[in-house]
K.L.:
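Quick one: the structure is below, and I'll ask about it shortly.
The sequence lines fix the lettering, A, B, ..., with proteins before strands; numbering per chain opens at 1. Please read all numbers here as calculations on a predicted model, not as lab measurements. All values below come from the heavy atoms of this structure, side chains included, with hydrogens, waters and symmetry mates left out.
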Number of protein chains: 2
Amino acid sequence: MEKPQAGARGRNRNGERAERSAQRDPERTRASILAAATQEFAENGMGGARVDAIAERAGINKRMLYHYFGDKEQLYLAVLEEAYIGIRTAEKAINLSDLEPEEGIAELAMFTWRYFLEHPEFLSLLGTENLHRARWLRQSTRLKELHSQLMGKLSDLLERGRAKGLFREDVDPLHLYLTMAALGYFYLSNQYTLSTIFGRDLAEHPNLEGWERHIVHVTLASIRR
Amino acid sequence: MEKPQAGARGRNRNGERAERSAQRDPERTRASILAAATQEFAENGMGGARVDAIAERAGINKRMLYHYFGDKEQLYLAVLEEAYIGIRTAEKAINLSDLEPEEGIAELAMFTWRYFLEHPEFLSLLGTENLHRARWLRQSTRLKELHSQLMGKLSDLLERGRAKGLFREDVDPLHLYLTMAALGYFYLSNQYTLSTIFGRDLAEHPNLEGWERHIVHVTLASIRR
DNA sequence: CAAGCCAGTAACTAAACAGTTACTTTGTGG
DNA sequence: CCACAAAGTAACTGTTTAGTTACTGGCTTG
């Protein structure tokens with residue numbers, strides 16, 4: 001009890017939980033910088049994000065930001081990597097082996113839609129990264145190895161549906177994935193200009209539910225025989 | 001000949017074409033600032049765009065930029081307005097009255113795709129504007145009056161197709177428009193991250209043509225009875 | 001032809017910005 | 001219990017940035 005293990009987290013030398021009193025907590029500091037940076041970059045893009053604003057949001061000293069992440073660009077890359085890891089991890093958890101081909105495709109389409117809906121910061125970071133022509137994504141060896149889990153699941157479902165005579169023979173899995181993703185991404189990422197121009201609030205609940213059904217409908221219609 | 005009309009453009013007091021020698025040409029100056037700003041904002045977003053860079057690209061003195069447009073924000077708004085006017089003008093020129101419903105829908109889908117393909121700066125500006133939740137678009141009375149011409153043409157084609165028993169009864173014209181736009185927008189605006197992750201260059205010609213066919217296929221499949 | 005306005009220039013300014021320096025505090029292993 | 005490393009702070013620095021000032025030169029109209 002008198003001598004706590006070295007490097008142990010969650011307890012200080014008195015054996016009390018450290019989370020409360022901890023004045024010094026590297027992991028927590030790192031995590032709060034990353035969370036603050038995710039918000040700031042998502043809201044303002046790479047060019048508009050302010051290092052001082054991130055430090056303030058995180059409630060830390062700016063020096064710490066440079067201590068943990070090097071500079072603004074490396075911090076941005078860390079944010080981007082974490083965002084991709086988030087969706088890839090969620091994709092892994094989906095289990096479709098019990099489902100019929102059509103149900104499985106519908107499930108994947110809804111998963112993608114709901115993930116986008118619940119993670120607007122991911123969409124925003126994608127937009128920023130594409131504005132810069134994937135400059136940081138291309139640098140990241142970590143992310144290039146992190147393939148989408150969805151493609152494999154999609155190919156499997158297509159194969160099963162084809163065998164049953166439900167789906168067309170010549171469906172490209174990438175095209176199918178892009179179709180589902182496009183319908184969700186565009187609706188959400190462009191909701192502000194679209195709502196303004198069409199005078200119809202796309203973020204309202206009935207509209208969101210309607211669009212989810214629409215995505216499933218379009219996706220299935222495009223592959224059925 | 002000795003007295004040129006007031007405000008006449010294109011000629012100086014000697015009756016010579018002014019375009020060549022003109023040291024002073026307000027319209028040309030204004031236009032070149034706007035063109036330079038369009039590029040700069042499209043490449044770097046609102047936060048990343050630099051007023052000095054715009055002035056340099058336009059080959060003018062920075063003072064002129066403030067003279068003609070007030071400040072950075074108003075210049076950005078002018079760029080955005082011009083971009084929207086561009087697509088709305090192009091939409092107006094489409095004539096579909098001679099076409100069968102299916103052909104007409106296909107034509108509109110291809111028009112949207114090709115317009116996006118040929119005007120990457122428009123996509124980029126849309127992305128930036130949505131990052132800021134349509135902050136400037138909402139301010140612009142000019143743009144709020146500028147409704148999409150496509151919606152009317154789309155409703156007409158849907159009606160004709162429905163009457164012939166080709167299309168489903170309950171197709172929402174807005175959903176149809178969003179579907180066509182989403183498929184084109186996402187493919188192009190996210191081409192850099194997608195190409196990196198899937199290891200397949202989406203900008204290659206065969207891929208672009210394949211995607212155009214795909215858009216037409218998906219759009220029609222989604223509305224057919 | 002002169003008066004005045006409008007297009008245009010160069011150099012400046014105050015604030016914002018990313019990144020650094022020099023220092024203090026805290027925890028822990030020998 | 002001390003020495004050292006890592007966590008943390010405050011104040012600073014050089015540069016970049018949007019926007020301005022004070023000025024020049026040319027065109028048009030009365």
K.L.:
Enumerate donor-acceptor pairs with a distance under 3.5 Å from any side-chain N or O in residues 37-44 of chain B to protein atoms, sequence neighbours excluded.
P.N.:
residue	atom	partner	partner atom	Å
B:Thr38	OG1	B:Leu34	O	2.7
B:Gln39	OE1	B:Arg57	NH1	2.7
B:Glu40	OE1	B:Asn44	ND2	3.4
B:Glu40	OE1	B:Arg57	NE	3.2
B:Glu40	OE1	B:Arg57	NH2	3.4
B:Glu40	OE2	B:Asn44	ND2	3.2
B:Glu40	OE2	B:Arg50	N	2.9
B:Glu43	OE1	B:Arg57	NH2	2.7
B:Asn44	ND2	B:Glu40	O	3.3

K.L.:
In whole angstrom, give the distance that lies between atom CE of B:Met64 and atom C1' of D:dT24.
P.N.:
12 Å
K.L.:
Between atom CD in A:Gln74 and atom C1' in C:dG19, what is the gap in whole Å?
P.N.:
13 Å
K.L.:
Under the rule for side chain to side chain donor-acceptor pair (under 3.5 Å), what residues qualify as partners of A:Thr128, not counting sequence neighbours?
P.N.:
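Once residues adjacent in sequence are excluded, A:Thr128 has no partner under the side chain to side chain donor-acceptor pair (under 3.5 Å) criterion.
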K.L.:
B:His67 side chain N/O closer than 4.0 Å to the phosphate oxygens (OP1, OP2) of C:dG8?
P.N.:
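For B:His67, the contact criterion (side-chain N or O under 4.0 Å from OP1 or OP2 of C:dG8) is not met.
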K.L.:
What is the distance from CG of A:Asn44 to P of C:dA16, rounded to the nearest Å?
P.N.:
16 Å
K.L.:
Take the protein atom CZ of A:Phe69 and the nucleotide atom P of C:dG19, then report the distance between them rounded to whole Å.
P.N.:
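Result: 14 Å.
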K.L.:
Please table the atom pairs, donor to acceptor, closer than 3.5 Å between any side-chain atom in residues 144-151 of chain A and protein atoms at least two apart or in another chain.
P.N.:
residue	atom	partner	partner atom	Å
A:Lys144	NZ	A:Arg138	O	2.9
A:Ser148	OG	A:Glu91	OE1	3.4
A:Ser148	OG	A:Leu150	N	3.2

K.L.:
Applying salt bridge (Lys or Arg N to Asp or Glu O under 4.0 Å), run through B:Asp172 and A:Arg200 and close with a yes or a no.
P.N.:
CA-CA 13 Å; B:Asp172 179 340; A:Arg200 196 161 137 182; 2.8 Å; yes
K.L.:
My understanding is that only residues two or more places apart in sequence, or in another chain, count here; which of them pass salt bridge (Lys or Arg N to Asp or Glu O under 4.0 Å) with A:Glu107?
P.N.:
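Expected list: none.
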K.L.:
Going 5' to 3' along nucleotides 15-20 of chain D, which nucleotides have protein heavy atoms under 4.0 Å from the base (write B), which only from the sugar-phosphate (write S), and which from neither (write -)?
P.N.:
--SBBB
K.L.:
May I have the distance from A:Ile60 (atom CD1) to D:dA10 (atom C1'), rounded to whole angstrom?
P.N.:
14 Å
K.L.:
Considering residues at least two apart in sequence or located in another chain, which fulfil the salt bridge (Lys or Arg N to Asp or Glu O under 4.0 Å) criterion with A:Asp156?
P.N.:
A:Arg160
K.L.:
Within less than 4.0 Å of OP1 or OP2 of C:dG8, is there a side-chain N or O belonging to B:Thr29?
P.N.:
yes
K.L.:
Looking for any heavy atom pair under 4.0 Å, which part of the strands does A:Tyr68 touch: base, sugar-phosphate only, or nothing?
P.N.:
sugar-phosphate
